[in-house]
Amino acid sequence: MFHVSRFTFYSPIINSFKINLNKELWIKMNNIRVRFAPAPTGYLHIGGARTALFTWLFARKNNGTFILRIDDTDEARSTEESLRGILDSLRWLGLDWDEGPEIGGPHAPYFQSERTDIYQKHIQKLLDSGNAYHCYCTKEEIDAEKAKVGPWNYRYNGKCRQLTEADKRHYEAEGRKPTVRLKVAGDAIVVPDLIKGYVEFKAETLDDFIIVRSNGTPLYNFTSTVDDSLMRITHVIRGEDHLTNTPKQILIYQALGFETPKFAHAPTVLDTEGRKLSKRRHGELVSIGFYRDNGYLPEAMVNFLVRLGWSYDDKEEMFTVDELLEKFDIGRVGKSASIFDIQKLKWLNREYIMKRDIHDRTNLVIPFLRKAGLLNDDELTTDRRVWLEKLVEAVGDRMTTLADIENSSFFFVDEIEYDKKAVKKSLKRDFVPGLLRDLKSIFAELQPFDENTVEAKIREYAGQSGLGGKVMLPIRVAITGKSFGPGLFESLTLLGRDKVLQRIDKAMELLRPTNT
RNA sequence: GUUCCUAUCGUCUAGUCUGGCCCAGGACACAGGCCUUUCGAGCCUGCAGCGCGGGUUCAAAUCCCGCUAGGAACACCA
């Protein structure tokens, strides 16, 4: 059996000996609490959804608590609509939260915009303990410094660390509004990470960074740290882009006297060109809602997302949520970025569509038929429903997405369009006009017009006429307009005698010499 | 620039910690074939990968060193 859990860590900075630690110890705790903390500035995208899924699975698998927190400190960009979209997408994926919006919880409020007094209190605490200080340097002064040494080489020199009361009064009198900076000290910071192992950062690369703006509002690194502590988060699971942020946050935990949680930084999700998935570049193609609206099943999406970076072994790759609850292990999430390739999603989606029974599948397909204008509400009589189920059954596995039901539009409409290629290839043949003529009279008389009788009759005709299997494709094209689709005999009976006769007429019309 | 992360088929990945069972396994995609009344289905076959260079070892995808390439962060964004 496989074990990722043992990690050897060799730190040249802290110590010159090896530390062995069993990752399993990191998750063997009683009250596991994890959170997903989106900013409501857009829809839930593929990468965020995967992080949420990993987090949720980690919680559920370990009997923990899954918290949803809304990081909406950026008032300008946060919208109510985004929030709703994100919650809907999470629900659609089946990721339910134990604490958070709409349900509250013991650590409410779960919106950062409503927690300002809490942040205020903790800033004061840092100021009082001397772990943070007011900095009166203006943005302009700092920018000037940066310009001198180059933006990349600049590090704040701690100039305001030792300000006297008189200095402060002087600056205040000038009308300067101070920022708050954290006093950074120490040699090295080690991030314990369930996915990456131990990651060590040199503290000397950090300067006294700002935790509160001059307008008094706290910054992300600070709010997120305070909330994660107060909400008793034991494992911070998030995207890899936050990894280099983590040492700063660890410094804040320490300054505040809070225990630092364990971390798990999930690798980035890239597009097929190897670029990071972004709203700007990819638009709705990276939003979860897009896939819901285009006929993907949540179980397919979940399966797809979880396999982006995580694997169970070398053979199994289809997992129901129940199986994931048993098999998911965050330690088996890979370290390298993965590429979002829709082919696999499509394959999974088809597999999962086929797993639904006909009744279910019919229900799933109905909204797409309505959207395509193929079905009206008042049309859904019992008879029609029975017919629909037969149709869905006949379509079978010919759907990659639920929206593919639209390929069967010829069953619904009165006037079909003929596919040019199909007509050319299958209808414009010498024997077809005669075939259609014969068929017309056969079908007109046939009793009953059901699958067995139709099939028997066609086969009989195929044999007698000497045409054999050649008759099949022309019939198909004549009555559906296409060269592919559900079984021919099913299609004929699903269509019904009237429509079939009507379309044979239409096809014959099409084949008149004047029309060629 | 500095710090940090990463590197197995086109893609998702197994294998790496515990070297030999791996001249690297599976899946998706792709190509070909078969079957079938059509088909995007099914069955079969094929294609294709350990980034590079050193070292250690009887033996390296696996351990060590170096390089290269990609990514992230370095904000009074989150």
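In what follows, every chain begins at residue 1, and chains take the letters A, B, ... in the order their sequences are listed.
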Indicate, yes or no, whether a donor-acceptor pair under 3.5 Å links the base of [N] to the side chain of [X].
| X | N | answer |
| --- | --- | --- |
| Lys315(A) | A14(B) | no |
| Asp341(A) | A29(B) | no |
| Ser338(A) | C12(B) | no |

When the [atom1] atoms of [N] and [M] are considered, how many whole Å apart are they?
| N | M | atom1 | result |
| --- | --- | --- | --- |
| U38(B) | A61(B) | P | 48 Å |
| U8(B) | G71(B) | P | 15 Å |
| C64(B) | G19(B) | C1' | 13 Å |

Need one value for [X]: base, sugar-phosphate or nothing, where a base atom within 4.0 Å counts as base even if backbone is also close, heavy atoms only.
| X | result |
| --- | --- |
| Leu488(A) | base |
| Thr73(A) | sugar-phosphate |
| Cys135(A) | nothing |
| Phe489(A) | base |
| Asp241(A) | sugar-phosphate |
| Ser311(A) | sugar-phosphate |
| Thr138(A) | base |
| His265(A) | nothing |
| Ile210(A) | base |
| Leu345(A) | nothing |
| Ser336(A) | sugar-phosphate |
| Gly487(A) | base |

When you check the side-chain N and O atoms of [X] and [Y], is any donor under 3.5 Å from an acceptor?
| X | Y | answer |
| --- | --- | --- |
| Thr246(A) | His265(A) | yes |
| Asn349(A) | Tyr291(A) | no |
| Asn221(A) | Gln249(A) | yes |
| Glu323(A) | Tyr312(A) | no |

Pairing partner of [N] (Watson-Crick or G-U wobble, both distances under 3.5 Å):
| N | answer |
| --- | --- |
| G32(B) | C44(B) |
| G1(B) | C74(B) |
| C17(B) | none |
| U57(B) | none |
| A69(B) | U6(B) |
| C39(B) | none |

More than 12 heavy atoms from other groups under 6.0 Å of CD on Glu81(A):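 It does not: Glu81(A) CD has 12 such atoms or fewer within range.
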
Just how far, in rounded Å, is [atom2] of [N] from [atom1] of [X]?
| X | N | atom1 | atom2 | value |
| --- | --- | --- | --- | --- |
| Lys248(A) | C77(B) | NZ | C1' | 11 Å |
| Lys346(A) | C12(B) | NZ | C1' | 16 Å |
| Ile339(A) | G10(B) | CD1 | P | 11 Å |
| Leu243(A) | G70(B) | CG | P | 20 Å |

Charged tip of Lys168(A) within 45° of Tyr136(A) ring normal and under 6.0 Å: no

Between [X] and [N], does any side-chain N or O lie under 4.0 Å from OP1 or OP2?
| X | N | answer |
| --- | --- | --- |
| Lys335(A) | U6(B) | yes |
| Arg332(A) | C17(B) | no |
| Arg350(A) | G42(B) | yes |
| Arg213(A) | A78(B) | yes |

Donor-acceptor contact present, side-chain Arg361(A) to main-chain Ile353(A), <3.5 Å: yes

